[in-house]
A.B. asks: 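Okay, here's the structure, questions in a sec.
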Amino acid sequence: GVGTAGGRVSAEASPPPAPPPVLTRYLDTLARMAPGDPARQQAELAATLAAAQQTRSSGDTLRYALALGSAGHASSNPVEAKRLISELLASPNTLDPAEATFANAYLREFDARVALYAEVARQREESEQSLKLLDATADRRAEALATENKQLKRKLAEAERKLEAVAEMERSLLEQAGSQVEQPPR
């Protein structure tokens, strides 16, 4: 059984307490928005939107906001979900205390996700800027190397022309020296 034996609690754990019945419909909505079946997610999102638009009740608005802001579906929009919950909580509503606490918890969750997405976007922008800077630096270095390469090729061509001219002078001098040796002195 459950109890202490020698100051230790036994390994049997009691199950977590059941959520208040008033939260069941919100938990069901979140369960239907779980990743894995895009058609199910879209159907739930459409149903919660229709209910919120038709009844304009606090509970249906909260259900739609939870569906809209839940992660893992193509239409996820935590920014809009945060706005909906903020407006719902800031205005007179018919939520009971457990629903209001639940809404506040999701408001914080959506706020954290929005902040996280903003941080990811900022880091992505910084990374893209760094890559552009690196690309520009590499481009400038490549241009400098190409310019230096052209200059070195011109200098090499000039040195080869001079070397050819020196070789031609040597041949000419050798030919003159050879023709003077072949002619007997007069």
Side-chain angles (χ1 to χ4, degrees), residues 1-5 7-141:
V2 176
T4 59
R8 295 182 301 165
V9 176
S10 69
E12 294 179 29
S14 58
V22 71
L23 298 182
T24 302
R25 65 192 206 132
Y26 304 114
L27 296 173
D28 288 345
T29 293
L30 290 170
R32 285 189 289 275
M33 292 305 296
D37 184 353
R40 179 196 69 228
Q41 293 169 322
Q42 283 306 112
E44 181 65 13
L45 186 61
T48 59
L49 174 60
Q53 289 173 334
Q54 183 178 17
T55 68
R56 303 237 180 254
S57 74
S58 299
D60 285 337
T61 299
L62 179 56
R63 279 185 57 231
Y64 172 62
L66 294 172
L68 181 63
S70 64
H73 64 94
S75 300
S76 179
N77 187 343
V79 173
E80 180 63 10
K82 177 184 164 192
R83 186 192 66 75
L84 289 170
I85 293 174
S86 294
E87 287 178 3
L88 178 64
L89 294 173
S91 61
N93 62 65
T94 58
L95 298 177
D96 78 5
E99 289 173 306
T101 299
F102 194 71
N104 271 303
Y106 269 87
L107 180 63
R108 288 188 303 275
E109 194 270 334
F110 294 149
D111 190 41
R113 279 193 29 226
V114 168
L116 182 63
Y117 291 162
E119 177 63 16
V120 166
R122 184 191 63 75
Q123 289 179 354
R124 182 177 294 125
E125 179 64 27
E126 283 180 5
S127 294
E128 288 172 1
Q129 291 299 323
S130 293
L131 287 174
K132 286 178 184 175
L133 182 61
L134 289 173
D135 284 348
T137 300
D139 288 346
R140 284 192 304 273
R141 180 71 181 135

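The shown structure was predicted, so the numbers you read here are calculated from the model rather than taken from an experiment.
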A.B. asks: Going by side-chain contact (heavy atoms from CB on, under 4.5 Å), name the residues that satisfy it together with V79, two or more places apart in sequence or in a different chain.
C.D. replies: N77, V114

A.B. asks: For T94, is there any backbone N or O sitting under 3.5 Å from a side-chain donor or acceptor partner on S58?
C.D. replies: yes

A.B. asks: List the steps, then state whether side-chain contact (heavy atoms from CB on, under 4.5 Å) holds for L107 with S86.
C.D. replies: CA-CA 7 Å; L107 180 63; S86 294; 3.2 Å; yes

A.B. asks: Restricting to ring pair (Phe, Tyr, Trp, His ring centres under 6.0 Å), what partner residues turn up for Y64, sequence neighbours left out?
C.D. replies: none

A.B. asks: With sequence neighbours excluded, tell me which residues meet side-chain hydrogen bond (donor to acceptor under 3.5 Å, both in side chains) with S130.
C.D. replies: none

A.B. asks: Between S76 and A71, what is the shortest heavy-atom contact and its length?
C.D. replies: OG-CA, 4.0 Å

A.B. asks: If you round to the nearest 0.5 Å, how far is CG of L45 from CZ of R63?
C.D. replies: 11.0 Å

A.B. asks: Passes side-chain contact (heavy atoms from CB on, under 4.5 Å), T61 versus R56? Steps please.
C.D. replies: CA-CA 7 Å; T61 299; R56 303 237 180 254; 5.7 Å; no

A.B. asks: What pairs meet the salt bridge (Lys or Arg N to Asp or Glu O under 4.0 Å) rule with one or both residues in residues 13-38, with sequence neighbours excluded?
C.D. replies: R25-D60, R32-E44

A.B. asks: Is the shortest side-chain heavy-atom distance between H73 and P35 below 4.5 Å?
C.D. replies: no

A.B. asks: Would you please name every residue forming a side-chain contact (heavy atoms from CB on, under 4.5 Å) with E109, sequence neighbours left out?
C.D. replies: Y106, R113

A.B. asks: With sequence neighbours excluded, tell me which residues meet side-chain hydrogen bond (donor to acceptor under 3.5 Å, both in side chains) with T48.
C.D. replies: none

A.B. asks: With sequence neighbours excluded, tell me which residues meet side-chain hydrogen bond (donor to acceptor under 3.5 Å, both in side chains) with R122.
C.D. replies: E119, E126

A.B. asks: Is there any salt bridge (Lys or Arg N to Asp or Glu O under 4.0 Å) pair reaching into residues 64-82, and which pairs are they, with sequence neighbours excluded?
C.D. replies: E80-R83, K82-D111

A.B. asks: What are the two closest non-hydrogen atoms of I85 and A103, and how far apart are they?
C.D. replies: CG2-O, 3.6 Å

A.B. asks: Closest heavy-atom contact between A67 and M33?
C.D. replies: O-CE, 3.4 Å

A.B. asks: Distance from L23 atom CG to T29 atom OG1, nearest 0.5 Å?
C.D. replies: 11.5 Å

A.B. asks: Any idea which heavy atoms bring P78 and Y117 closest together, and the distance?
C.D. replies: CG-CE1, 3.5 Å

A.B. asks: By side-chain contact (heavy atoms from CB on, under 4.5 Å), which residues pair with Q129, not counting sequence neighbours?
C.D. replies: E125, K132

A.B. asks: Does the side-chain contact (heavy atoms from CB on, under 4.5 Å) test come out yes or no for L89 and L95, once each step is laid out?
C.D. replies: CA-CA 9 Å; L89 294 173; L95 298 177; 4.1 Å; yes

A.B. asks: For T137, enumerate each residue passing the side-chain contact (heavy atoms from CB on, under 4.5 Å) test, keeping only those at least two apart in sequence or located in another chain.
C.D. replies: L133, R140

A.B. asks: With side-chain hydrogen bond (donor to acceptor under 3.5 Å, both in side chains) as the rule and sequence neighbours excluded, what pairs involving residues 96-105 come up?
C.D. replies: Y26-E99

A.B. asks: Any chance you could measure S70, atom OG, to Q41, atom CD, to the nearest 0.5 Å?
C.D. replies: 7.0 Å

